[in-house]
> 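Sending over a structure as structure tokens; questions will come in a sec.
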Amino acid sequence: MQQRYLALPDSLYQVIKPRKVDDPSLLLFNQELASELDLPQQLLGKDAAEYFSGNRLVAPELSLALGYSGHQFGYYNPQLGDGRAHMLGQINGFDWQLKGSGLTKYSRSGDGRCALGPAVREYIMSEAMHILGVPTMRTLAVTTTGETVYRQQPEAGAVVSRIGRSHLRIGSFQYASALGVIKEMADFAIDQLCPEMVNAANPYLLLYLTVQQNQINTLVHWYRVGFIHGVMNTDNIALSGETFDFGPCAMLGEYKLEQVYSSIDHQGRYAFGNQKLIMQWNLARFAETLIPLMPGSEQEAIALLTQEVDSFSDAFLQAYGHMCANKLGFNQNRHPLISEFYELLRTHAWDYTQIFNQLYHRLNGGNPQLPDELIAWSEQWLRAVNHKQALMLMSTTNPKAIPRNHEVERLIEAVGNEQQDIQQQIDNYLNYLKGNVYTGTSWGNPDAKFDQQYQTFCGT
Ligand code: AMP
Ligand code: MG
């Protein structure tokens with residue numbers, strides 16, 4: 001194992017080991033990811049729970065907590081950081097981080113712990129995103145600690161093993177900027193994220209553009225499947241574009257751009273339809289940190305970066321428009337039927353996943369019950385699309401099944417029930433999302449009533 005973050009200036013991290021836990025037990029283990037990572041044998045044996053809880057370390061001297069800042073709901077907080085996470089190092093080039101693994105100098109008033117429910121939610125949602133083809137960090141394991149953590153009520157404690165290409169965030173750059181080590185941070189990030197650009201005339205501008213492109217790509221995937229992140233603070237936006245921090249996330253049922261599930265997002269800052277504006281706002285915060293690295297005067301640097309941040313709108317719209325067209329089987333975003341459809345969708349708030357599956361089914365010769373308001377439109381649509389191409393585009397763009405909010409909550413509730421084999425249940429569920437097997441299960445149906453009163457929580 002290596003630890004590349006040790007190459008950063010030491011003001012940006014704390015070397016610290018996870019805290020030992022009382023009674024570790026492996027609750028969930030991601031076999032598929034373990035094989036992909038080709039994990040060292042010592043992690044897979046009878047001591048697995050020791051390693052995945054942080055009680056035993058492969059390379060104790062490499063464990064550290066990273067510092068970062070961040071704009072939380074628009075307000076700058078200079079002192080965030082891994083307050084309950086330890087970056088153990090890299091396995092086959094991927095970061096292995098424990099979360100819920102104890103106090104660090106970044107813990108502020110927190111307890112350094114993670115409760116079991118949110119740990120299981122992270123496992124399910126990150127794997128579901130992966131299955132849906134969304135760039136995401138993944139979860140390798142969840143161990144229980146045998147300890148109690150105190151939230152609204154006492155809960156079982158857990159440690160999550162998170163795997164990602166890079167844990168650098170926009171907030172990492174804000175922190176480095178405040179500490180006067182932005183060049184070191186940017187050179188490090190280029191090496192991690194776009195090493196081929198290191199010899200370019202202005203590699204820092206290319207770093208910006210790489211990060212912007214990563215965000216656009218991920219955001220279009222979020223819109224494609226109906227994902228609401230819920231807490232797009234700058235410290236929760238990975239430069240790699242990998243989705244992470246699944247605390248208050250949820251899936252869109254009925255199509256409502258203003259949909260919010262997070263209990264603390266009173267203004268709708270992170271509403272489904274607002275995510276694109278917030279991402280651009282976040283990228284502007286990232287660009288600000290790069291000003292000293294641009295050639296020319298400060299004024300010229302600001303002008304140059306402003307132009308790039310402004311270019312987000314067109315670049316996003318182009319990728320987004322393409323995706324919206326593909327969902328209806330068109331390969332270009334020109335046909336007037338496309339905007340007519342989305343207008344109808346906004347007006348009638350149909351279930352975002354189901355409506356495309358019904359159209360697919362109709363195009364494929366089936367006779368699904370389409371909403372009355374869509375019948376005239378669908379007749380024109382059937383004449384306008386190239387059937388073979390449309391079936392291909394629709395089946396690769398639209399998820400047949402998503403992790404419905406009520407289904408995910410039910411699985412999390414089942415964790416408290418000693419009678420149930422939770423690994424088996426979650427494996428079954430993820431296999432269902434993979435294979436889209438409807439028969440014999442009650443999975444897949446929307447539950448609009450549930451969604452209407454559904455609330456998610458940042459806490460953790
Ligand atoms: P989040 O809302 O998960 O993105 O976390 C925001 C910040 O709070 C990060 O710096 C976390 O490390 C920190 N944090 C969240 N929960 C805890 C906790 N239980 N103990 C210590 N720090 C925490
Ligand atoms: Mg976070």
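Both ligands and their constituent atoms are indexed starting at 1 by order of listing. The chain is numbered in sequence order, starting from 1.
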> Would you say the ring centroid of Y255 lies under 6.0 angstrom from that of Y352?
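Yes: the rings meet the under 6.0 Å criterion.
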> Just heavy atoms, cut-off under 4.0 Å: does R108 contact ligand 1 by side chain, backbone, both, or neither?
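The answer is the side chain of R108.
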> Which bit of R169 is near ligand 1, meaning a heavy atom under 4.0 Å away: side chain, backbone, both or neither?
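For R169, there is no contact with ligand 1 at all, from either part.
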> Restricting to under 2.8 Å, identify the protein N, O or S atoms around the Mg ion (ligand 2) as residue plus atom.
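Listed by chain and number: N236 OD1, D245 OD2.
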> Does a side-chain heavy-atom distance below 4.5 Å link R410 with H406?
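Side-chain contact under 4.5 Å: yes.
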> Is the W281-F312 ring centre distance short of 6.0 angstrom?
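So the answer is no for these two rings.
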> Could you check whether any side-chain heavy atom of T136 comes within less than 4.5 Å of a side-chain heavy atom of F244, counting everything from C-beta outward?
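When only atoms from C-beta onward are counted, F244 and T136 do not touch, as no gap falls below 4.5 Å.
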> Taking all non-hydrogen atoms of both residues into account, name the closest pair between D235 and S69 and its distance.
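Of all heavy-atom pairs spanning D235 and S69, the closest is CB-O, 3.5 Å.
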> For atom 11 (C) of ligand 1, which of G70, P118, G81 has the closest heavy atom?
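It is G81 whose heavy atom sits nearest to atom 11 (C) of ligand 1.
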> Could you tell me, atom by atom, which parts of ligand 1 come under 4.0 Å of a heavy atom of D245?
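Those of ligand 1 that fall under 4.0 Å from D245 are 1 (P), 3 (O), 4 (O).
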> Between H229 and F227, how do the two ring planes meet: parallel, tilted or perpendicular, split at 30° and 60°?
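The arrangement is perpendicular - the two ring planes meet at more than 60°.
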> I want to confirm something. Looking only at heavy atoms, which of R151, Q79, R84, Q72 is nearest to atom 15 (C) of ligand 1?
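Nearest heavy atom to atom 15 (C) of ligand 1 lies in R84.
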> Does any N/O atom on G83 come nearer than 3.5 Å to any N/O atom on ligand 1?
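Yes, since at least one N or O of G83 sits under 3.5 Å from an N or O of ligand 1.
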> Salt bridge check: are D95 and R162 linked by an N-O gap of less than 4.0 Å?
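Salt bridge between D95 and R162, a charged N being under 4.0 Å from a carboxylate O: no.
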> Which bit of D111 gets closer than 4.0 Å to ligand 1, counting heavy atoms only: side chain, backbone, both or neither?
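Answer for D111: both.
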> Give the ring-plane orientation class for F73 versus Y270, where under 30° counts as parallel, over 60° as perpendicular and anything between as tilted.
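The arrangement is tilted - the two ring planes meet at 30° to 60°.
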> With backbone taken as N, CA, C and O and side chain as the heavy atoms from C-beta onward, which portion of V231 lies under 4.0 Å from ligand 1: side chain, backbone, both, or neither?
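V231 to ligand 1: no contact under 4.0 Å from either part.
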> Pairs of nitrogen or oxygen atoms closer than 3.5 Å, one from G112 and one from ligand 1: do any exist?
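The answer is yes, given that G112 and ligand 1 share an N or O pair closer than 3.5 Å.
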> With respect to R138, which candidate in E242, E32, E122 satisfies the salt bridge (Lys or Arg N to Asp or Glu O under 4.0 Å) definition?
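Result for salt bridge (Lys or Arg N to Asp or Glu O under 4.0 Å) with R138: E32.
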> Applying a heavy-atom cut-off of 4.0 Å, say which part of Y68 lies close to ligand 1: side chain, backbone, both or neither.
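Looking at Y68 and ligand 1, just side chain atoms fall under 4.0 Å.
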> Using a strict 4.0 Å cut-off to heavy atoms of S107, name the atoms of ligand 1 that fall inside it.
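So the atoms of ligand 1 that pass are 21 (C), 22 (N).
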> Would you check if L168 and Y68 make a side-chain contact, meaning some heavy-atom pair closer than 4.5 Å?
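No, too far: nothing below the 4.5 Å cut-off.
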> For a quick test of reading the model, state the closest non-hydrogen atom pair linking L132 to A401 and the distance between them.
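Of all heavy-atom pairs spanning L132 and A401, the closest is CD2-O, 3.4 Å.
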> May I ask you to test the I163-N30 pair for a side-chain heavy-atom distance under 4.5 Å?
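No. Closest side-chain heavy atoms not under 4.5 Å.
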> Which atoms of ligand 1 are found less than 4.0 Å from any heavy atom of N236?
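Close to N236: 4 (O).
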